[in-house]
Amino acid sequence: MLERIPSGWRQPAVTLLALVLGLAAGAAAVLWWEARPEPPPFRADEHAVELMLFDAVPPRPDSDAQTNEVSPLRVDGAVLLSGGVTSTVVQIGAPHHSLDVTAPALPVTVSPTARYQSVQLRMTVLDCASAVRWAPGDRPFTIRWRDEYGKAHTDRAGDFDRSTASSLTRYIDAVCESPLTR
């Protein structure tokens, strides 16, 4: 095909052909790039703050037999930021109305640079008749936190393993069988 073009026009014709092919390839690449859908924007999980329980430490028997109070169960855990917004945990609620949970170290703040904060919960039985019917379920606690924009959040929380769940139920059974609580 190039032989049909006069020799003085061959170099400009090849250059023009290369230019046309380059423009066509470039246009196809631009169209291909624009046709690709954008990935959906990253959205942090609504469960931006998690509560994890690691160990339930049963209370030691009280050496003072004159006390009428049963010691609370100490539960070691942590608050973990799984989202990308700094949040302050202000309350951890009881898993059941017959139980009371306190977290003396609250409020606790977690951030993208400090995602993990230890917490210690103290759990006490308020009503044995109801408490003995309670069984640990999926995320039985409630957690309340404020994000850095001032928005308040409430969610179910409290991931734990079987041994911690077993410790919780054993504590309730022990307290409710105690002569001090009758």
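In what follows, every heavy atom counts, from backbone to side chain, and hydrogens, waters and symmetry copies are set aside. It should be emphasised that the depicted structure is a prediction, and the values quoted were computed from it without experimental measurement.
At least one donor-acceptor pair closer than 3.5 Å links the side chain of Ser167 to the backbone N or O of Ser163. The main-chain N or O of Ala152 is never found under 3.5 Å from a side-chain atom of Thr154 such that the two would form a donor-acceptor pair. Within the 3.5 Å criterion, the main-chain N or O of Thr142 finds no donor-acceptor partner in the side chain of Arg156.
With values rounded to the nearest 0.5 angstrom, Phe160 atom CZ is found 13.0 Å from Asp55 atom CG. Phe141 CZ to Asp155 CG: the interatomic distance, rounded to the nearest 0.5 Å, is 14.5 Å. Once rounded to the nearest 0.5 Å, the distance linking CZ of Arg146 with OG of Ser87 reads 10.0 Å. Distance CG/Leu121 to CG/Leu53: 6.0 Å, rounded to 0.5 Å. Rounded to the nearest 0.5 Å, atoms CD (Glu50) and OH (Tyr116) are 14.0 Å apart. The CD1 atom of Ile143 sits 8.0 Å away from atom CG of Leu106, with the distance rounded to the nearest 0.5 Å.
No side-chain heavy atom of Met123 sits less than 4.5 Å from a side-chain heavy atom of Asp100. Annotation: side chain of Val125 is not in contact with side chain of Ser98 (no heavy-atom distance under 4.5 Å). Using a 4.5 Å heavy-atom threshold, the side chains of Ser82 and Val49 count as separate. Two residues are said to be in side-chain contact when any heavy atoms from C-beta on lie closer than 4.5 Å; Val75 and Val57 fail this criterion. Between Pro107 and Val89 the shortest side-chain heavy-atom distance does not fall below 4.5 Å. You'll find the side chain of Leu73 stays beyond 4.5 Å of the side chain of Arg122, heavy atoms only.
Across all their heavy atoms, Ser111 and Leu81 have their closest contact at C-CD2, 3.2 Å. The minimum heavy-atom distance linking Thr88 with Thr109 is given by the pair OG1-OG1, 3.0 Å. Residues Val101 and Ala94 share a closest heavy-atom pair of CG2-CA, 3.7 Å. Of all the heavy atoms in Pro104 and Gln120, the pair that sits closest is CD-O, 3.5 Å. Between Val119 and Ala78, the closest heavy-atom pair is CG2-N, 3.7 Å.
Cluster membership for Val110 and Val90, using ILVMFWY side-chain heavy atoms within less than 4.5 angstrom, is not shared.
In Arg115, the CZ atom is crowded: over 12 heavy atoms of neighbouring residues, nucleotides or ligands sit closer than 6.0 Å. Atom OH of Tyr149 sits in a sparse spot, with 12 or fewer heavy atoms from other residues, nucleotides or ligands closer than 6.0 Å.
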Working for side-chain hydrogen bond (donor to acceptor under 3.5 Å, both in side chains), residues Ser166 and Arg162: CA-CA 6 Å; Ser166 179; Arg162 286 184 192 184; over 6 Å; no
Distance-only donor-acceptor hits, side chain of residues 129-136, under 3.5 Å, sequence neighbours excluded:
{"residue": "Ser130", "atom": "OG", "partner": "Asp127", "partner atom": "OD2", "Å": "3.0"}
{"residue": "Arg133", "atom": "NH1", "partner": "Ala129", "partner atom": "O", "Å": "2.9"}

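Considering only residues two or more places apart in sequence or on other chains, Gln117 meets the side-chain hydrogen bond (donor to acceptor under 3.5 Å, both in side chains) condition with none of them.
Residue pairs meeting the salt bridge (charged side-chain N to carboxylate O under 4.0 Å, His left out) criterion with at least one member in residues 75-89, sequence neighbours excluded: Arg74-Asp76.
Results of the side-chain contact (heavy atoms from CB on, under 4.5 Å) test with Leu99 over Leu126, Thr124, Ile172 single out Ile172 as the only residue that passes.
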